[in-house]
There are 2 protein chains.
Amino acid sequence: MQTALTAIDRTFSMPIATENAAPQPRFAAEAAGIGATRSFAKDEEIYAEGDPATRYYKLISGVVRTCKLLTDGRRQIEAFHVAGEIFGIERSAEHRFSAEAVSPVTVIAYRRCPLEVLASSDGPLARQIVATALLNLERAQEHAVLLGRKSAMEKVATFLLDMAERVHHHDDAFDAIELPMARSDIADYLGLTIETVSRTLTQLERDAVIALPAARRNIVLRNKAALRRLNA
Amino acid sequence: MQTALTAIDRTFSMPIATENAAPQPRFAAEAAGIGATRSFAKDEEIYAEGDPATRYYKLISGVVRTCKLLTDGRRQIEAFHVAGEIFGIERSAEHRFSAEAVSPVTVIAYRRCPLEVLASSDGPLARQIVATALLNLERAQEHAVLLGRKSAMEKVATFLLDMAERVHHHDDAFDAIELPMARSDIADYLGLTIETVSRTLTQLERDAVIALPAARRNIVLRNKAALRRLNA
DNA sequence: CGTTTGATTGATTCAGGTCAAGAATAGTGG
DNA sequence: CCACTATTCTTGACCTGAATCAATCAAACG
């Protein structure tokens, strides 16, 4: 994580050397004032907690985490966002969580429209913003249930199923996932420590529910039914 | 503990204590899009998880909890709602949490408008719905941080400050709160057990941070600064 | 008054955290 | 392509905060 704050200043980051094989500049409509494409390196900050919330972001490629730090360094990751999702929607004038690139990321940044416009304009974008806010609310609520009442094993099982579903766009046929995030991200998302996440994954492998290849961020779901049973 | 909540709770509670699960009355008002007043007794269910989400509710008096049960009976309370707040907003066709009256409750039920209408109609109500969804999102996110990363002591401190602020409408002058909910509700909201909630409150009293009168649901905040320090 | 429900307290257990090595992987520069 | 780091991940030993189990205790309520 190098120059954190530069993220926002480089608004129209042309270079895009780090741009993965992802969707490029896009169409004139978007280039013409509606949205600007921007790229971020792994671990780069997209916005910080407390930054003015002047835009929201549509994720074109890569994975983003939104999180908050407590005064003593404890961290809670509120959500992961994958390609196609919108993040950065706020009620107040400031971002209440920071957003960071988990992997190299390309986004389209849209100028934020005030709430009154949002609830009264009838463009498809306004509709999408409202829908996204409600989806994020749903996820945050489900996440609270997980954090408040599930065991470590249940948390990890829920996480694996959820990631598999989102990354494969609800196609249940695939049984392998390539996690873009480190164990520490998983731990801070699930309210656990990295050691517990690791031990739990090892346990699942011993129980033949998953397989952990040498590249430890690849996980093969060998027994989704068992995972679903653990899903509580 | 009778006199406590009644001030707020009784506000509109005319008769209807027994008009339970049968929400028939429905006045011409609702048909006209204005909303119908309904009352619920303590612990009565306003809607259940899985019920069709055909309306949302504005809370006139009393306190409501929205919660979810895991298969084995573990419960997570997602939020408490107090007078003036709107709850029951959903993205999908069904309620994903149940809503129950913590105290006697009066609400106005509004017919739900579809998402497209919400994002395109410009009445003040649509605006309020969107604003409420965003507020609930904020709270759910903050709640996730609490559930995932705070200690029992920090959770209770946060809860007391939060309830004091909401019940007194952000007027910091008051230092006593009359909690409408049982210890079990607090525990299921904070992801703790009732024993831990009780022990933590006792500890706070020993430390002269709060006082616990004979009516145990009244709590006097003797040292808000100390609570804020615990707020992490 | 008993009776019931809710809250507190104490004794004990345990899931998950902490501390401390290692092992494996992925970078990095030569 | 290979040594050489530097991360990241795993594993083990141990500890602890909160859960569980089990009595009381105290209000609230007929």
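Chain identifiers are assigned alphabetically (A, B, ...) following the order of the sequence lines, protein sequences preceding nucleic acid strands; residue numbering begins at 1 within each chain.
- Counting to the nearest Å, the P atom of D:dT8 and the CG atom of A:Asp188 are 13 Å from each other.
- Between B:Arg206 and B:Asp43, the one whose closest nucleotide on DNA chain C sits nearer the 5' end is B:Asp43.
- Comparing C:dA7, D:dA18, D:dT11 by their nearest atom to the side chain of B:Ala152 picks out D:dA18.
- Listed nucleotides D:dC21, D:dA27, D:dT11 differ in distance to A:Glu195; the shortest reach to its side chain belongs to D:dT11.
- Whole-Å rounding puts the A:Lys150 NZ to C:dA15 C1' distance at 17 Å.
- Close placement of the A:Tyr47 and A:Tyr57 rings is indicated, their centers lying within 6.0 Å of each other.
- Distance, A:Met181 CE to D:dC9 P: 11 Å, rounded to whole Å.
- For A:Arg183 and D:dT10, the shortest distance from a side-chain N or O to OP1 or OP2 is below 4.0 Å.
- Judged by distance alone, with hydrogens and angles left aside, B:Arg199 brings no side-chain donor or acceptor close enough to the base of D:dG17 to form a pair under 3.5 Å.
- Comparing atom distances between the A:Arg217 side chain and each of D:dT8, D:dT20, D:dT11 picks out D:dT8 as nearest.
- Across the protein-nucleic acid pair, A:Gln203 atom CD and D:dT10 atom P stand 14 Å apart, rounded to whole Å.
- Side-chain contact annotation: B:Lys150 with B:Thr158, donor-acceptor N/O pair under 3.5 Å present.
- With the nearest nucleotide of DNA chain C identified for both A:Pro213 and B:Ala182, B:Ala182 has the one nearer the 5' end.
- With respect to A:Phe159, the side chain to side chain contact (heavy atoms under 4.5 Å, CB included) criterion is satisfied by exactly one of A:Thr200, A:Leu227, A:Leu146, A:Ile186: A:Ile186.
- A donor and an acceptor atom, one from each side chain of A:Glu78 and A:Thr66, are located under 3.5 Å apart.
- Here the two rings, on B:His143 and B:Tyr189, have centers that are under 6.0 Å apart.
- Smallest separation of non-hydrogen atoms from B:Ala53 and B:Ser92: CB-O, 4.2 Å.
- When the nucleotides D:dA28, C:dG17, C:dA7 are ranked by their closest atom to the side chain of B:Ala215, D:dA28 comes out on top.
- Atom pair A:Asp185:CG and D:dC9:P shows a separation of 9 Å (rounding to whole Å applied).
- Residue B:Arg216 places at least one side-chain N or O under 4.0 Å from the OP1 or OP2 atom of C:dT8.
- Rounded to an integer number of Å, the gap from CD of A:Glu154 to P of C:dA15 is 12 Å.
- The distance from atom CE of B:Met153 to atom P of D:dA18 is 9 Å, rounded to the nearest whole Å.
- A close approach under 4.0 Å does occur between a side-chain nitrogen or oxygen of A:Thr193 and OP1 or OP2 of C:dG17.
- Counting only heavy atoms from C-beta on, B:Thr196 has its side chain closest to D:dA19 among C:dT8, D:dA19, C:dG17.
- Of the candidate nucleotides C:dG17, C:dT8, D:dA18, D:dA18 has the atom lying nearest to any side-chain atom of B:Leu192.
- Taking 4.0 angstrom as the limit, A:Thr202 places a side-chain polar atom (N or O) nearer than this to OP1 or OP2 of D:dT11.
- In this structure, A:Glu205 places its CD atom 13 Å from P of C:dA24, rounding to the nearest Å.
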